[in-house]
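One structure is given below, encoded as structure tokens.
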Amino acid sequence: MVGLLLSEAEMHPLLIALIMVGGGLWFVFVFYVLYAAGWQRLMVYRAAAPLEGEIFPFRAGRLGSVRYSGCLTYTVNSDGLGLSVFFLFRPFHPPLFVPWQDITARQTKLYMFFPFVELKFAQAKGISFYVMPSLADRLIATAGDPIEIAPK
């Protein structure tokens, strides 16, 4: 319908404007998610180099009030746990690498019913990162069991 009302010369600037507005809104959304989740407080663990180890792509996790559904990649090695976000959400979310000695894990329940494992990080006080128990067990086992998951 719009094509019938506008000439080809008029549609080009409109298309560029729509792309710019859409892109701008996307960056605002990703920036909001960064602060709602608390990812910026985890930046003390910003990865200095590309992460190496066994990769677990397209997994979920919860940080703050944000559930990262299928857009996290966990990288595990004997030194620590790497976290990165799917490339579309990566602006303002740099990859992280947390040494195992900085991680404590305990079983917990969210929303009174669902079991989770809560990960806490020594240099990011007040931040809790939640993963499903099956994923936590697999990540820790892959790294050679460097930490224990404490009971509730």
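The residues of the chain are indexed from 1 along the displayed sequence.
- Residues I103 and F97 fall into different hydrophobic clusters, defined by Ile, Leu, Val, Met, Phe, Trp and Tyr side chains chained together at heavy-atom separations under 4.5 Å.
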- Full working for side-chain contact (heavy atoms from CB on, under 4.5 Å) between L63 and L42: CA-CA 10 Å; L63 180 61; L42 293 176; 3.7 Å; yes
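- Every residue meeting the side-chain contact (heavy atoms from CB on, under 4.5 Å) condition with A60, not counting sequence neighbours, appears here in chain and number order: R67.
- Within the structure, no pair that satisfies the side chain to side chain donor-acceptor pair (under 3.5 Å) test touches residues 70-88, not counting sequence neighbours.
- Applying the side-chain contact (heavy atoms from CB on, under 4.5 Å) rule to E54 yields the partners F56, T142; only residues at least two apart in sequence or on another chain are considered.
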- Query: Between W39 and Y45, is a ring pair (Phe, Tyr, Trp, His ring centres under 6.0 Å) present by the stated rule, with each step listed?
  - Reply: CA-CA 10 Å; W39 195 276; Y45 293 110; over 10 Å; no
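- Considering OG1 of T104 and CG of L119, their distance stands at 8.0 Å, rounded to 0.5 Å.
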Counting only pairs under 3.5 Å, give me each side-chain donor-acceptor contact of residues 120-132, with atom names and distances, residues two or more places apart or in other chains.
residue: K120; atom: NZ; partner: S128; partner atom: OG; Å: 3.1
residue: Q123; atom: NE2; partner: D102; partner atom: OD2; Å: 3.2
residue: K125; atom: NZ; partner: A122; partner atom: O; Å: 3.1
residue: S128; atom: OG; partner: E118; partner atom: OE2; Å: 2.6
residue: Y130; atom: OH; partner: E118; partner atom: OE2; Å: 3.3

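- Hydrophobic clustering places V44 together with V85 (ILVMFWY residues linked when any side-chain heavy atoms are closer than 4.5 Å, directly or through intermediates).
- Note on V98 and L51: separate hydrophobic clusters, where clusters join Ile, Leu, Val, Met, Phe, Trp and Tyr whose side-chain heavy atoms are under 4.5 Å apart, directly or indirectly.
- Looking at P151 and R106, their side chains never come closer than 4.5 Å, going by heavy atoms from C-beta outward.
- Remark: side-chain polar atoms of W100 are not paired, donor with acceptor, to backbone N or O of A143 under 3.5 angstrom.
- Other residues sharing a hydrophobic cluster with I55 under the 4.5 Å side-chain heavy-atom criterion for ILVMFWY residues do not exist; the residue is a singleton.
- For I149, the side-chain contact (heavy atoms from CB on, under 4.5 Å) partners at least two apart in sequence or on another chain are A105, Q107, V117, A136, D137, I140.
- Between the CZ atom in F58 and the CZ atom in F86 there is a gap of 5.5 Å [rounded to 0.5 Å].
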